[in-house]
2 protein chains.
Amino acid sequence: MVEHKSQADLVFHALSDPTRRMMVERLSQRPLTVSELAEPLAMSMAGVSKHVGVLEKAGIVARHKRGRERVCTLQPDSLLAARDWVERYAQFWSERLDALDTALKEDGDE
Amino acid sequence: MVEHKSQADLVFHALSDPTRRMMVERLSQRPLTVSELAEPLAMSMAGVSKHVGVLEKAGIVARHKRGRERVCTLQPDSLLAARDWVERYAQFWSERLDALDTALKEDGDE
DNA sequence: TGATTACTTAACCATATGGTTGAACATAAA
DNA sequence: TTTATGTTCAACCATATGGTTAAGTAATCA
């Protein structure tokens, strides 16, 4: 057993599965119960529950009880953190192009 | 065998490992050879090569030969696509807060 | 040429993951 | 109170993943 995975590990891993990304997409529209999340999926309830559990451990969704149902809501913070991480390293290339552009202009001035 | 994973699957999975994220961080500074990528890691070259392979299949890095070395460079496109995906669904909450804000203001007018 | 360097590939291993079924649990409905 | 619904938990299974070592390839060095 690995001692404990980082939040980034959990979030990116959670998003690496198409079933879970579909759940995130649907939850971005409105909160849904586990049954509602299961409805379009050709999968057992237990399987769906495990997927929701992965999203929950990553901090991407929260579950709360409403009668005998569990309502799932998207939690923005971990998604925002993931976006920031990718954003930071996805920017490098345009920065380089900017630098190249600047360098070329300066070169042209000399 | 699963028929073929989507680009999003591959990119998010590639980023879910701390070793590979460290590689991405270092490559955002400058291109590095596989040996240079291996240097800070307590891992065999073969292990490092497999990690680079995962990043390459996800389209995050490209390898090209330079003599007997392989130089790895970060490729922005798949990172940008991942950022866009997360961005899209991470935004939902502020939109809701905006909507709530609007609703409250309208409510106040009545 | 032969030895060394920089890798990749193949085979393998332990553990993680994504799924299943079946039983358990809590709440709601009859 | 009994029964049905919504969900989770535990056990299990096949495959994927992250690592290893050993062997193979290709380029450089002596």
Side-chain angles (χ1 to χ4, degrees), chain A residues 1-24 26-27 30-73, chain B residues 1-24 26-27 30-73:
Chain A
M1 241 177 285
V2 153
E3 35 248 67
H4 88 115
K5 292 189 174 179
S6 75
Q7 191 71 8
D9 290 1
L10 296 174
V11 172
F12 286 122
H13 171 249
L15 296 179
S16 73
D17 181 275
T19 299
R20 289 190 293 261
R21 283 199 309 279
M22 180 184 168
M23 289 176 168
V24 169
R26 294 185 64 212
L27 289 172
R30 63 185 183 86
L32 296 167
T33 66
V34 176
S35 287
E36 287 171 322
L37 283 172
E39 195 262 317
L41 301 171
M43 192 186 296
S44 66
M45 275 291 295
V48 172
S49 185
K50 279 175 71 169
H51 277 299
V52 174
V54 171
L55 289 166
E56 192 177 43
K57 275 178 191 122
I60 296 174
V61 316
R63 272 187 280 209
H64 65 271
K65 294 183 69 167
R66 186 180 63 191
R68 58 190 162 184
E69 302 178 320
R70 300 295 178 105
V71 179
C72 304
T73 55
Chain B
M1 242 179 284
V2 152
E3 32 249 66
H4 90 113
K5 293 188 175 181
S6 75
Q7 191 70 7
D9 290 1
L10 295 174
V11 171
F12 287 122
H13 171 249
L15 296 180
S16 73
D17 182 274
T19 300
R20 289 191 293 261
R21 283 200 309 280
M22 179 184 169
M23 289 177 169
V24 169
R26 295 185 63 212
L27 288 172
R30 63 185 182 88
L32 295 167
T33 66
V34 175
S35 286
E36 288 172 323
L37 283 172
E39 196 263 319
L41 301 171
M43 192 187 295
S44 66
M45 274 292 294
V48 172
S49 186
K50 280 175 72 170
H51 277 298
V52 174
V54 171
L55 289 167
E56 192 176 41
K57 275 179 191 121
I60 296 175
V61 315
R63 272 188 278 212
H64 65 274
K65 294 183 69 168
R66 187 182 62 192
R68 59 189 161 184
E69 302 179 320
R70 301 295 178 106
V71 179
C72 303
T73 56

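Here is how names work: the chains are called A, B, and so on, in the same order as the sequence lines, proteins then strands, and each is numbered from 1. It should be emphasised that the depicted structure is a prediction, and the values quoted were computed from it without experimental measurement.
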Considering only heavy side-chain atoms of B:K65, the closest of C:dT8, D:dA27, C:dA26 is D:dA27
- [ ] Determine: side-chain N/O of A:R63 to OP1/OP2 of D:dT8, distance under 4.0 Å, yes or no.
- [x] yes
Closest non-hydrogen atoms of B:V34 and B:M45, given as atom of the first, atom of the second and distance, are CG1-CE, 3.8 Å
B:E39 CD to C:dA6 C1', in whole Å, measures 15 Å
Considering only heavy side-chain atoms of A:D17, the closest of D:dA26, D:dG19, C:dG18 is C:dG18
When rounded to whole Å, the CE to P distance for the pair B:M22 and D:dG18 reads 17 Å
Under 4.0 Å from OP1 or OP2 of D:dA16: is there any side-chain N or O of A:H13 that close? no
Ranking C:dC7, C:dG19, D:dT8 by distance to the side chain of A:H51, first place goes to C:dG19
Of the listed C:dA6, D:dT8, D:dG18, the closest approach to the B:R68 side chain comes from C:dA6
Out of C:dA16, D:dG18, D:dT7, minimum distance to the side chain of A:V34 belongs to D:dT7
Quiz item: Using a cut-off of 4.0 Å on non-hydrogen atoms, how would the nucleic acid contact of B:G47 be classed: base, sugar-phosphate, or nothing?
Solution: base
Here the distance between atom C1' of D:dT17 and atom CG of B:L10, to the nearest Å, is 14 Å
The reported gap from CD in A:E36 to CG in A:L27 (rounded to nearest 0.5 angstrom) is 9.5 Å
Testing C:dT9, C:dT20, C:dA26 for proximity to the side chain of B:A46, the answer is C:dT9
To the nearest angstrom, the CZ-P distance between B:F12 and C:dG18 comes to 15 Å
Whole-Å distance, B:M23 CE to D:dG18 C1', equals 12 Å
Among the nucleotides C:dT5, D:dT21, D:dT7, whichever has the atom closest to the side chain of A:R70 is D:dT7
Answer yes or no: is there a side-chain heavy-atom contact under 4.5 Å between B:D9 and A:R21? yes
- Query: If only atom types and distance count, is the side chain of A:S16 paired as donor or acceptor with the main-chain N or O of A:H13 below 3.5 Å?
  - Reply: yes
note: B:L55, atom CG; C:dT8, atom C1'; distance rounded to Å ~ 16 Å
Closest to the side chain of A:K50, out of C:dT8, D:dT21, C:dG19, is C:dG19
From CD of A:E56 across to C1' of D:dT7 the rounded distance in Å is 12 Å
Checklist entry - Given D:dG6, is OP1 or OP2 found less than 4.0 Å from the side-chain N or O atoms of A:S35? => result no
inquiry  = Mind checking if A:R20 touches a base, just sugar-phosphate, or nothing, with heavy atoms under 4.0 Å?
reply    = sugar-phosphate
Quick note, A:T33 side chain, CB onward, closest among D:dT8, C:dA6, D:dT7 is D:dT7
Is there a side-chain polar atom (N or O) of B:S49 under 4.0 Å from OP1 or OP2 of C:dC7? no
Requested in this report: Verify, without hydrogens or angle tests, whether B:R20 (side chain) and B:A14 (backbone) share a donor-acceptor contact under 3.5 angstrom.
Outcome: yes
Looking at B:T33, is its backbone amide N or carbonyl O close enough to the side chain of B:R66 to form a donor-acceptor pair, meaning the two atoms are under 3.5 Å apart? no
Taken to the nearest whole Å, NZ/A:K5 to C1'/D:dT17 is 10 Å
